[in-house]
Amino acid sequence: MLEKTTRINFLLDFYQALLTAKQRSYMELYYLEDYSLGEISDTFEVSRQAVYDNIKRTEKMLESYEERLKLYEKFLKRQTLIKELETKVTDKALLADIQTLKELD
């Protein structure tokens, strides 16, 4: 479950601009703020089922965006490459440059 939550949080980071305000709100409350379906439904004065359906539909949308654009996949590959470079580099100045690149992600 933690792995799914982490993945959805990253997908939200990458694709939140493609969501509606309501979708963003539901997903942020559920995945980032750890609200329950009941708490979200009370906040928005809708049924728990409506919140659940919206979250599940939005999850599918995020996965669909990732299938097409692969921003998260590319991010993971960059992170792996940076870690490999860090283990191979002995030059302190170059290592500092790599750290700077890492902070930009």
Side-chain angles (χ1 to χ4, degrees):
M1 183 64 173
L2 182 60
E3 188 175 304
K4 178 185 177 185
T5 300
T6 302
R7 179 178 174 82
I8 294 294
N9 283 330
F10 273 110
L11 294 180
L12 276 172
D13 284 344
F14 289 119
Y15 303 115
Q16 69 179 326
L18 302 174
L19 302 176
T20 67
K22 184 176 12 175
Q23 289 171 324
R24 253 192 322 274
S25 295
Y26 284 9
M27 296 299 282
E28 287 173 0
L29 290 173
Y30 190 71
Y31 281 104
L32 296 174
E33 302 296 328
D34 202 27
Y35 276 42
S36 69
L37 295 176
E39 291 170 322
I40 298 169
S41 69
D42 289 345
T43 302
F44 288 92
E45 298 179 349
V46 296
S47 69
R48 291 177 78 240
Q49 186 64 45
V51 173
Y52 176 82
D53 291 344
N54 188 295
I55 288 172
K56 291 302 170 188
R57 189 171 42 254
T58 304
E59 286 174 0
K60 287 180 184 177
M61 289 175 65
L62 291 171
E63 291 294 349
S64 173
Y65 295 145
E66 176 59 16
E67 273 183 40
R68 292 184 201 128
L69 301 173
K70 302 202 182 302
L71 296 179
Y72 181 55
E73 181 181 318
K74 291 173 187 175
F75 169 78
L76 291 176
K77 285 180 182 178
R78 281 193 310 274
Q79 293 300 309
T80 301
L81 286 172
I82 288 171
K83 285 179 185 174
E84 288 175 12
L85 282 172
E86 286 175 337
T87 60
K88 293 178 182 178
V89 172
T90 56
D91 182 347
K92 299 271 186 208
L94 188 53
L95 192 57
D97 289 342
I98 292 171
Q99 285 293 359
T100 302
L101 286 174
K102 190 175 183 180
E103 291 169 5
L104 293 176
D105 265 347

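Along the sequence shown, the residues carry numbers beginning at 1.
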Looking only at heavy atoms, what is the nearest atom pair of [X] and [Y], with distance?
| X | Y | result |
| --- | --- | --- |
| Tyr35 | Tyr30 | O-CD1, 3.4 Å |
| Lys70 | Glu67 | NZ-O, 3.1 Å |
| Val51 | Ile40 | CG1-CG2, 3.7 Å |
| Ser41 | Gly38 | OG-O, 2.8 Å |

*asked:* Tell me whether Phe14 at atom CZ has more than 12 heavy atoms from other residues, nucleotides or ligands lying less than 6.0 Å away.
replied: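 Yes.
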*Neighbour count above 12 (heavy atom, 6.0 Å) for Tyr52 OH*: no
Starting at [atom1] of [X], measure out to [atom2] of [Y] and round the result to the nearest 0.5 Å.
| X | Y | atom1 | atom2 | answer |
| --- | --- | --- | --- | --- |
| Asp42 | Leu37 | CG | CG | 11.0 Å |
| Ile8 | Glu63 | CD1 | CD | 5.0 Å |
| Asn9 | Leu32 | CG | CG | 4.5 Å |

*Is there a donor in the side chain of Asn54 and an acceptor in the side chain of Thr58, or the other way round, less than 3.5 Å apart?*
yes
For residues [X] and [Y], determine if any side-chain heavy atom of one lies less than 4.5 Å from a side-chain heavy atom of the other.
| X | Y | answer |
| --- | --- | --- |
| Met61 | Gln23 | yes |
| Tyr15 | Leu69 | yes |
| Leu81 | Glu84 | yes |
| Tyr31 | Ile55 | yes |

*Using a strict cut-off of less than 4.0 Å between a Lys/Arg side-chain nitrogen and an Asp/Glu carboxylate oxygen, indicate whether Glu3 and Arg7 qualify as a salt bridge.*
no
_Salt bridge present between Lys4 and Glu59 (N-O < 4.0 angstrom)_ = yes
*Is it true that Tyr26 and Phe44 have ring centroids separated by less than 6.0 Å?*
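Judged by ring-centre distance (under 6.0 Å), Tyr26 and Phe44 do meet the cut-off.
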*Common cluster, Leu71/Leu18, ILVMFWY with side-chain heavy-atom separation under 4.5 Å*: yes
Any donor and acceptor pair, going by atom type alone, linking the side chain of [X] with main-chain N or O of [Y] inside 3.5 Å?
| X | Y | value |
| --- | --- | --- |
| Glu66 | Glu73 | yes |
| Ser64 | Lys60 | no |
| Arg24 | Leu19 | yes |

*Could you please spell out the steps behind the side chain to side chain contact (heavy atoms under 4.5 Å, CB included) verdict for Met27 and Gln16?*
CA-CA 9 Å; Met27 296 299 282; Gln16 69 179 326; over 6 Å; no
